[in-house]
Amino acid sequence: MPPQQEDPLLSQEARYESCDAEDPLLPPPGPEERKADRATMEGLDPYEKVRRPSVYRRESFLVQFVQSKGPPQIIILIMLLALGFGSTIGVVPAVMTDRYARLQHGYMDERDCADFETLIEKPAECLQGSADAQNAAALSSLVSNVLTFITSSLMGSISDEHGRRGILILGLALNSMSPLCLVLLQFYPEMSPTWYYVAHACTGLVSWIAMTLSSLADVMPPKWRAPSFGLVLAGFSVGFALAPTLALAFDHFQISILSCAMILAGLLVSIVFFPETLPERTQMEAIERRLALSDEVTGGWFGQLCFALKRPIREISILNRSRFFRLLSSLAFFSGMVSSADQTLLIYYVEERLQFNDHDVALMFMIMGLLGILVQAVLLKPLNDWIGERWVIVLAFSLGSLDNVLYGLREKKGLVLFSASLSAFAALSFPTISAIKSNNVQESEQGRIQGALYSLQALASGTGPMLLRFVYSQTKDLPYPGAGWMFIFAGLLYLVAVACAWALPKEKANSNYPSDASSHRLSRSDFEPLDSIHEDDD
């Protein structure tokens, strides 16, 4: 006789049989009682934070990820955006360099500046245009990240009260402006590149990636948040691995149109298919906390105005809650400076100094993307289980330091490509840091902590490219490695982050820390009012 189809709820409850048998104080419940208990537990403990470890290990990470509302849509959204933004990552520097050379330095040749294969052949106007484009990119990054620093924690807190979906859609709408400007720039030869960089700067008003991570934290248990964040970034790596190869099949104008279309498709996916993930109980807790703070305000309308104006500062103060949070914030800051500088300046650097063309850029990002898939989707979870989040961060930052030093010592394209492969391992740090902070706050603070983390990284991302451009201006005429000193300096900043990671207490950093010490992960100071500053109990 074929086995009967099991009730999914009863099948899930069957996982508790061994635990019930081990505890003689628990009477064996009947099927109806099991259903009622299961419903109660799902309401009181949606992330299974207090259930027995033996039950926890038997569940499947991938099954829960796929079956939860939100994560599958996030993967589709991430891949569309990665394909859209990644396909023009080598196009933007070429288009902007040529446009600045023509509009500001009188370049009149029919050939584009990107058509010259060596630095010696490249006209002075193109070199000046490249410098203008790099300065504009660094300034745009600074403005964007200052805006993110001011608004991200506030937007995260608002999403804790009103939901993730609306703010995610707003962020994606802002991000669609710069690809549209890139298309218009190539359609109208007299249009200033400033429009593109202004549109790019406006993306800092709302961080869509912070909303996706908050949505994941809403539906995934704490133990699986780091691999969940890593799987999302693996989806991003898939897009970036494939995207630059699209530029080889199309010219710059065609690939810009395709990029804009994919990003608009991502916006459409978020509008039509993305569900709201914020639990109602979590939403009510966040609203009650804000109202409790508001009730303490005195001074009439002026006091309420001051309370509202100070809210962004009050929301980001969560990063100063304890010594543990300050250490996490420090390592996120120093690593954010370097990663942003790499993203902003590396393409300009290799195109100018090593004559990287579209094929070279596509190969570099294919290597980074494929290794990113391997690292984020395959290696991150086993590494977390084996050595814990703390050592994962130490490993990631150490490889990041080596990666940047090798960029600075560049002599051939092959060395840069090898260095780029190490950057995939350095990217382990971001999902791990996000998960650690998520695991050390209340569920009603998930949006706030992700937003605050992005605010801090935004400040780092704004200052990083400007700082490295300053180092470049002071060292570009020095003997070997010359301009490469800025990346060697970046490697030293990564070492500071390694020191901060080393100092993290493992009982709070590692989700796989023994269960008898789990009560120490969230200290009393972690649950105090949000506008207070507390010292760590350690």
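Residue indices begin at 1 and follow the sequence shown.
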Could you state the interatomic distance from [atom1] ([X]) to [atom2] ([Y]), rounded to the nearest 0.5 Å?
{"X": "Leu331", "Y": "Tyr494", "atom1": "CG", "atom2": "OH", "answer": "11.0 Å"}
{"X": "Leu174", "Y": "Leu147", "atom1": "CG", "atom2": "CG", "answer": "10.0 Å"}
{"X": "Leu213", "Y": "Trp208", "atom1": "CG", "atom2": "CH2", "answer": "9.0 Å"}
{"X": "Tyr407", "Y": "Leu415", "atom1": "OH", "atom2": "CG", "answer": "10.0 Å"}
{"X": "Glu161", "Y": "Met284", "atom1": "CD", "atom2": "CE", "answer": "10.0 Å"}
{"X": "Leu492", "Y": "Phe334", "atom1": "CG", "atom2": "CZ", "answer": "12.0 Å"}

task: Please assess Phe273 against Leu77 for the test side chain to side chain contact (heavy atoms under 4.5 Å, CB included), listing each intermediate value before the final yes or no.
output: CA-CA 10 Å; Phe273 299 108; Leu77 175 62; over 6 Å; no
Please report the closest heavy-atom contact between [X] and [Y], naming both atoms and the distance.
{"X": "Thr148", "Y": "Gly204", "value": "OG1-O, 2.8 Å"}
{"X": "Ala201", "Y": "Ser140", "value": "N-OG, 3.6 Å"}
{"X": "Ser228", "Y": "Met220", "value": "OG-CE, 3.3 Å"}
{"X": "Val219", "Y": "Lys69", "value": "CG1-O, 3.7 Å"}
{"X": "Asn404", "Y": "Ala490", "value": "OD1-CB, 3.7 Å"}

Is [X] reaching over with its side chain to a backbone N or O of [Y], donor-acceptor style, under 3.5 angstrom?
{"X": "Arg390", "Y": "Lys506", "result": "no"}
{"X": "Asn440", "Y": "Lys508", "result": "yes"}
{"X": "Ser401", "Y": "Phe397", "result": "no"}
{"X": "Gln73", "Y": "Gly70", "result": "yes"}
{"X": "Ser339", "Y": "Ser335", "result": "yes"}

field: Verdict with supporting geometry, Leu80 and Ile263, side chain to side chain contact (heavy atoms under 4.5 Å, CB included)
entry: CA-CA 6 Å; Leu80 282 172; Ile263 292 169; over 6 Å; no
Considering only distance and modelled atom types, tabulate donor-acceptor pairs under 3.5 Å from the side chains of residues 163-173, sequence neighbours left out.
residue : atom : partner : partner atom : Å
Arg164  : NE   : Asp218  : OD2          : 2.8
Arg164  : NH1  : Ser159  : OG           : 2.7
Arg164  : NH1  : Asp160  : OD1          : 2.8
Arg164  : NH2  : Asp160  : OD1          : 3.2
Arg164  : NH2  : Asp218  : OD1          : 2.8
Arg164  : NH2  : Asp218  : OD2          : 3.4
Arg165  : NE   : Phe274  : O            : 2.8
Arg165  : NH2  : Ile271  : O            : 2.2

message: When you compare the side chain of Thr463 with that of Met337, does any pair of heavy atoms fall below 4.5 Å?
response: yes
- request: Please tell me if the side chains of Leu216 and Thr277 come closer than 4.5 Å, counting only heavy atoms from C-beta onward.
  value: no
- request: Evaluate side chain to side chain contact (heavy atoms under 4.5 Å, CB included) for Ile436 paired with Ile393, printing each intermediate quantity in order.
  value: CA-CA 11 Å; Ile436 290 175; Ile393 297 176; 3.6 Å; yes
With a 3.5 Å cut-off and sequence neighbours excluded, list the donor-acceptor pairs that the side chains of residues 421-433 form with protein atoms.
residue : atom : partner : partner atom : Å
Ser421  : OG   : Phe418  : O            : 2.4
Ser423  : OG   : Ala420  : O            : 2.5
Ser429  : OG   : Ala426  : O            : 3.1
Thr432  : OG1  : Leu428  : O            : 2.7

task: Kindly indicate, with the supporting measurements, whether the criterion side chain to side chain contact (heavy atoms under 4.5 Å, CB included) is fulfilled by Leu395 and Leu399.
output: CA-CA 6 Å; Leu395 175 64; Leu399 292 176; 4.1 Å; yes
query: Do the ring planes of Trp391 and Trp502 sit parallel (below 30°), tilted (30 to 60°) or perpendicular (above 60°)?
result: perpendicular
